[in-house]
Amino acid sequence: MLINLPIDFNMNANLGYLGRNKNECMFEMDNGFITRVIDTGKTYRLVQLHANKHNQMIVQFIDSKPTKETEQAAVVRFVREWFDLDRDLFPFYEMANVDPLLKKPVQDFYGLRVVGVPDLFEALCWGVLGQQINLAFAYTLKRRFVEKFGTSIEHNSKKYWIFPTFKQIAKLSPEDLTDIKMTLKKSEYIIGIAKLMDNGELSKEKLLAMDNLKDAEKSLIKIRGIGPWTANYVLMRCLRHTSAFPIDDVGLHNSIKFLMGLDRKPSKEELLELSSKWSGWQAYATFYLWRVLY
DNA sequence: GGCCAGGAACCTT
DNA sequence: AAGGTTCATGGC
């Protein structure tokens, strides 16, 4: 399958983001090829993708199973969503090119998209896992969680993991998670979220139906374990609100500190002032600023 | 070895 | 509503 990429899409910029941590367990990267499992709705299929020289993404099933058209369509949909291919970034670049803080990052990483986490449960778990610990440890926790509770597809004696489903996790008790060294609180949060999704109170469809960002944010923050940071992180990476803004993010603070040569992190007032021109594109601004450090 | 990490809940004022 | 404390492990 071929997907025509936007003219301002740069595969290497996106690969750079995806390859930033060697401990990533949800996909494999090798020489520009990404291999991962994609949920087609009814089946899990092992897929490999890479970009060719004609600005196209080539998507191939590599598990040698018969493929239905519905699966092809689902995979293409996933890839489009994963890399935010249907977004017109012209207004963002127009704004960022004259923004003192964003100017250099958008030059250095031009063509980068907000790489998504299309699965809501995965996005929420990744958000909760990442709270108040360093990113390297967060990746370790995610790997342990996935390898203990997820399933996998084997290919060439390698395992390609499928993120644990909320249905599986909803059945667990917090103690089941403590031996992977995640805190009891986080275990409670993740199981609580899984239960809300399992009983249908929380779903991607419901959140997407709230066209107002603030409504979706409020409904997420009501959930135990989800605060302003996690809510906006998920709105940014899963629900794809370009104006979601995890303003409390330490990585964002450190990036700004670095770019401005400060000897301290920016204050809340400074953050609001610096981001005042980013309206509508806070998520993209944040993502590019993260790339400066990670 | 000590500081701090892609925060949030929970407890005091 | 604000402000301080606790969670808790591990990277650097």
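The chains referred to below are lettered A, B, ... by the order of the sequence lines, with proteins before strands, and numbering in each begins at 1.
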Engineer: Using whole Å, report how far CD1 of A:I133 lies from P of C:dG11.
Structural biologist: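 In whole Å, C:dG11 P lies 10 Å from A:I133 CD1.
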
Engineer: In whole Å, what is the span from the CD1 atom of A:I221 to the P atom of B:dG7?
Structural biologist: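 It works out to 15 Å between those atoms.
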
Engineer: Roughly, in whole Å, what's the span from CG in A:N134 to C1' in C:dG10?
Structural biologist: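 Going from CG in A:N134 over to C1' in C:dG10 covers 6 Å.
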
Engineer: Given A:R36, which of A:Y160, A:F27, A:W161 fulfils the side chain to side chain contact (heavy atoms under 4.5 Å, CB included) condition?
Structural biologist: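 Of the listed options, the one satisfying the test is A:F27.
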
Engineer: For A:I193 and B:dA8, give me the distance from atom CD1 to atom P, rounded to whole Å.
Structural biologist: 11 Å

Engineer: Mind calculating the distance between CD (A:E175) and C1' (C:dA8) to the nearest angstrom?
Structural biologist: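 Those two atoms, CD and C1', are 16 Å apart.
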
Engineer: Using a cut-off of 4.0 Å on non-hydrogen atoms, how would the nucleic acid contact of A:Q132 be classed: base, sugar-phosphate, or nothing?
Structural biologist: base

Engineer: Considering every strand and a 4.0 Å limit on heavy-atom distances, what is the contact class for A:L184: base, sugar-phosphate, or nothing?
Structural biologist: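 Counting heavy atoms under 4.0 Å across all strands, the contact made by A:L184 is with sugar-phosphate only.
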
Engineer: Using whole Å, what does the distance between atom P of nucleotide C:dC7 and atom OH of A:Y189 come to?
Structural biologist: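 So the two atoms are 12 Å apart, to the nearest Å.
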
Engineer: Are the side chain of A:Y284 and the backbone of A:V114 linked by a donor-acceptor contact shorter than 3.5 Å?
Structural biologist: yes

Engineer: Taking the six-membered ring for Trp, are the ring centroids of A:Y17 and A:F83 within less than 6.0 Å of each other?
Structural biologist: no

Engineer: Nearest whole angstrom, please: distance from the C1' of C:dT6 to the NZ of A:K185.
Structural biologist: 8 Å

Engineer: Strictly below 4.0 Å: does A:T230 bring a side-chain N or O up to OP1 or OP2 of B:dA8?
Structural biologist: yes

Engineer: P atom, C:dT5 versus B:dC4: distance in rounded Å?
Structural biologist: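 These two P atoms come out 16 Å apart once rounded.
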
Engineer: Of the nucleotides B:dA9, C:dC12, B:dG7, which one has an atom closest to the side chain of A:A136?
Structural biologist: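 For A:A136, the side-chain atoms sit closest to C:dC12.
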
Engineer: Considering every strand and a 4.0 Å limit on heavy-atom distances, what is the contact class for A:I226: base, sugar-phosphate, or nothing?
Structural biologist: sugar-phosphate

Engineer: Categorize A:P228 for me: base, sugar-phosphate, or nothing, with a 4.0 angstrom heavy-atom threshold over every strand shown.
Structural biologist: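 Result for A:P228 = sugar-phosphate.
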
Engineer: Write down the distance separating the P atoms in B:dC11 and C:dA8, rounded off to the nearest Å.
Structural biologist: 14 Å

Engineer: Nearest-nucleotide wise, let me know which of A:K265 and A:I223 is further upstream toward the 5' end of DNA chain B.
Structural biologist: A:K265

Engineer: Between C:dC12 atom C1' and A:L135 atom CG, what is the distance in whole Å?
Structural biologist: 14 Å

Engineer: Closer to the 5' end of DNA chain B via nearest nucleotide, is it A:M236 or A:R224?
Structural biologist: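 Looking at DNA chain B, the more 5' nearest nucleotide goes with A:M236.
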
Engineer: Is the distance from the ring center of A:W229 to that of A:F245 below 6.0 Å?
Structural biologist: no

Engineer: Are the aromatic ring centres of A:F287 and A:F109 under 6.0 angstrom apart?
Structural biologist: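 They do not qualify: ring centres at least 6.0 Å apart.
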
